[in-house]
Amino acid sequence: EKTAKKIVDFLGSDALKIIIDNPDNLLLIPQITKKQIDTLHNTLLEYNSSYNMILNLNELGFLTKDSMLIYNKYKVNTNSVIEENLYKLIEDIKEITFKKVDAIALKHDYERCDKRRVKAAIIYTMEELCNTLGHCYLNIEEIYKYTIMFLGNNISEEDFIEILNELILEIKIVKEEDHYLLMSMWDAEENITRRIKYLSLKEDFKVNDIDKYITQIEKDKNIVYNDEQLLAIKNAILKNFLIITGGPGTGKTTIVSSIIDLYRDVNKLTYDKLNEEMVLLAPTGRASKRLAEKTRFPAYTIHSFLKWNKDLDKFAINEYNKSDAKIVIIDEVSMMDVPLFSSCPWR
C-alpha cells in the first residue's frame, strides 16, 4: 500500500496508463526495484487485456459471471476462440449451456444451418436424451428428430448424417452397430466394464465355517433365509463384486443388514472398526436416509461420500485419492446414471 501511494503521489491520477505506456518512469521513484517494476508492468498488461476481453464478451451478450469463466479458461486466446467457434465454449465450460451460446450466436454472424451450430446441437441433443430418457445407446432416428427440434429449423437427413460422421471422426461420438453413443458415455461404460471384469476375476475370499456364522445370525434375528437370500448374503462376503436384484418387497434391505452382520462377525469387528471399514451409499438423500434407518448404520449419498465439488464438477475421492473402505454397499443402484457409476469407489 505504501509503494502504491508513493507511485500515485509521483505519477498522479494517470499512473496506470503511464506505467503501461512506459514502465521506465517508475525508475524515477526512490526505492522502487527493477523487479517490482517488471512485475507491476506485466500485471497491469494482463489486467488491461482481461478487462478489454471481458468488456467484449459483455458486448456479445454474456453476463459478467460467464465472461469471467470464459476468460479464465482461455486467457489470451479468448478472442481467437470466440472468433473461430463460439460453440466451443459449451464443450470446454460446463456452466455455459447450448441455449445460452446459441441465442448469442444467432444474434451475430451464425446461420441457422451453420455446421458448427448443428454439431453442437447434436451433442446437446444426445446429452439431453441421456439425462431425460435414462439411456445412452441412441438410434439415428431419435437423434435426428430431437436435433431438428432443438435447432428450430430443418436440415436434410443427408446433411445430418454427414455432420454426424464428422463428429465420429473427431472422436466426440462413437458408433456401435446401428446406434450412437457420446464418447464420454462410451469411456464411462468401458471403465465400468473393465472394473467389473477385474473384480469378478479376482480370487474369492476364504472364510472358514461361514455357514456357522449365518446360522447364528438367523438365530439372533429370529429369521430363516431362503436359498436365494442365503446365496446373496454368503457371496457378498466371498466375492469381490456382487449385484443383488429383486423386485419391491423381496427383502433386499433385510439382506443388506445381514451382510453387515456377517462381515462384522467374520472379521470380529467392533462397531467403531466396522464403521471405518464399511461404507453404505445410495444415489439420493432420501434413499440414503432410508438405508440408514433400516440398517442402523450411517449412510451417505454417493456424491457426498466422493466429496463432489459442484463448481469444478469433480470428485475429491477418485483413482488418485482412493477411499480406505474395505466393503462398499450401494443401495438403489438402478437410479444411478452411467457417469456416476463409473465414478464409484472401485477397489
Residues in side chain to side chain contact (heavy atoms under 4.5 Å, CB included) contact with Glu127, at least two apart in sequence or another chain: Ile123, Leu182
Smallest separation among heavy atoms of Leu291 and Thr295, with atom names: O-OG1, 2.8 Å
Salt bridge (Lys or Arg N to Asp or Glu O under 4.0 Å) pairs, two or more places apart, involving residues 132-147: none
Shortest non-hydrogen contact between Leu306 and Ser343, atoms and distance: CD1-O, 3.2 Å
Side chains of Val333 and Ile243 in contact at under 4.5 Å (non-hydrogen atoms): no
Under 3.5 Å donor-acceptor, Asn191 side chain and Asp187 backbone: no
Steps toward side-chain contact (heavy atoms from CB on, under 4.5 Å) verdict (Asp331, Leu280): CA-CA 8 Å; Asp331 199 18; Leu280 302 182; over 6 Å; no
Same apolar cluster: Val207 and Phe241, side chain cutoff 4.5 Å: no
Glu95 side-chain N/O to Asp66 backbone N/O, donor-acceptor pair under 3.5 Å: no
Under the salt bridge (charged side-chain N to carboxylate O under 4.0 Å, His left out) test, residues paired with Glu170 that sit two or more places apart: Lys119, Lys172
Worked verdict on Glu332 versus Arg286 for side-chain contact (heavy atoms from CB on, under 4.5 Å): CA-CA 11 Å; Glu332 302 285 2; Arg286 179 179 293 181; over 6 Å; no
Minimal non-hydrogen separation, Pro283 against Met335, with atom names: CG-CB, 4.0 Å
Lys34 vs Asp38 side-chain heavy atoms within contact, under 4.5 Å: yes
Side-chain donor-acceptor contacts of residues 68-79 below 3.5 Å, not counting sequence neighbours, with atom names and distances?
from: Asn72; atom 1: ND2; to: Met68; atom 2: O; distance (Å): 3.1
from: Tyr74; atom 1: OH; to: Asp92; atom 2: OD2; distance (Å): 2.8
from: Thr78; atom 1: OG1; to: Lys75; atom 2: O; distance (Å): 2.6

Beyond-backbone contact of Lys202 with Leu199, side-chain heavy atoms, under 4.5 angstrom: yes
Backbone N/O of Tyr87 and side chain of Arg117: donor-acceptor pair under 3.5 Å: no
Residue list, side chain to side chain contact (heavy atoms under 4.5 Å, CB included) with Lys99, at least two apart or on another chain: Thr97, Tyr124
Asn58 (side chain) donor-acceptor with Phe62 (main chain) under 3.5 angstrom: yes
Glu84 CD: over 12 foreign heavy atoms closer than 6.0 Å: no
Gln31, CD atom: more than 12 neighbouring heavy atoms under 6.0 Å: no
Heavy atoms from other residues, nucleotides or ligands near CD of Glu111 exceed 12 (cutoff 6.0 Å): no
Test log, rule side-chain contact (heavy atoms from CB on, under 4.5 Å), inputs Leu60 and His108: CA-CA 8 Å; Leu60 273 176; His108 293 83; 3.4 Å; yes
Results of salt bridge (charged side-chain N to carboxylate O under 4.0 Å, His left out) for Asp265 - residues two or more places apart only: none
Lys221 and Asp261 ion-paired at < 4.0 Å: yes
Any residue meeting side chain to side chain contact (heavy atoms under 4.5 Å, CB included) with Ala121, in chain and number order, not counting sequence neighbours: Phe98, Thr147, Leu151
Residues forming a side chain to side chain contact (heavy atoms under 4.5 Å, CB included) with Asp178, sequence neighbours excluded: none
Test item: Asn321 side-chain N/O and Ala316 main-chain N/O as donor-acceptor pair under 3.5 Å: yes
Within 6.0 Å of CD in Glu158, more than 12 heavy atoms from elsewhere: no
Sub-4.5 Å side-chain heavy-atom contact between Val338 and Glu189: yes
Review item, side-chain donor-acceptor pairs of residues 267-275, under 3.5 Å, at least two apart:
from: Asn267; atom 1: ND2; to: Tyr263; atom 2: O; distance (Å): 2.8
from: Lys268; atom 1: NZ; to: Tyr213; atom 2: OH; distance (Å): 3.3
from: Thr270; atom 1: OG1; to: Lys273; atom 2: N; distance (Å): 3.1

Heavy-atom closest pair, residues Ser288 and Ala299: O-CB, 3.3 Å
Ring pair (Phe, Tyr, Trp, His ring centres under 6.0 Å): pairs with one or both residues in residues 154-190, sequence neighbours excluded: Tyr137-His179, Tyr144-Phe160
For the student: nearest non-hydrogen atoms of Cys113 and Val118, plus distance: O-CG2, 4.0 Å
Enclosure of Lys100 NZ (heavy-atom neighbours >12, cutoff 6.0 Å): yes
Single-linkage hydrophobic cluster Ile302~Ile196, side-chain heavy atoms < 4.5 angstrom: yes
Pairwise side chain to side chain donor-acceptor pair (under 3.5 Å) hits with a residue in residues 229-248, at least two apart: Asp204-Lys239, Asp211-Lys234
Enclosure of Glu228 CD (heavy-atom neighbours >12, cutoff 6.0 Å): no
Any side-chain heavy-atom pair of Leu89 and Ile82 under 4.5 Å: yes
N/O donor-acceptor pair under 3.5 Å between Lys252 side chain and Gly247 backbone: yes
Exceeds 12 heavy-atom contacts within 6.0 angstrom, atom CG of Leu169: yes
Heavy-atom closest contact (Leu181 atom, Met126 atom, distance): C-CE, 3.7 Å
Full working for side-chain contact (heavy atoms from CB on, under 4.5 Å) between Leu340 and His303: CA-CA 8 Å; Leu340 183 57; His303 281 82; 3.7 Å; yes
Met278 and Phe297, any side-chain heavy atoms less than 4.5 Å apart: yes
Distance-only donor-acceptor hits, side chain of residues 8-29, under 3.5 Å, sequence neighbours excluded:
from: Asp9; atom 1: OD2; to: Lys5; atom 2: NZ; distance (Å): 3.2
from: Lys17; atom 1: NZ; to: Asp21; atom 2: OD2; distance (Å): 2.9
from: Asn22; atom 1: OD1; to: Asp24; atom 2: N; distance (Å): 3.2
from: Asn25; atom 1: ND2; to: Asn22; atom 2: O; distance (Å): 3.0

CG/Asp109: more than 12 non-hydrogen atoms of other groups inside 6.0 Å: no
Leu40 side chain near Thr3 side chain, heavy-atom distance below 4.5 Å: no
Side-chain heavy atoms of Leu106 within contact of Asp102, under 4.5 Å: yes
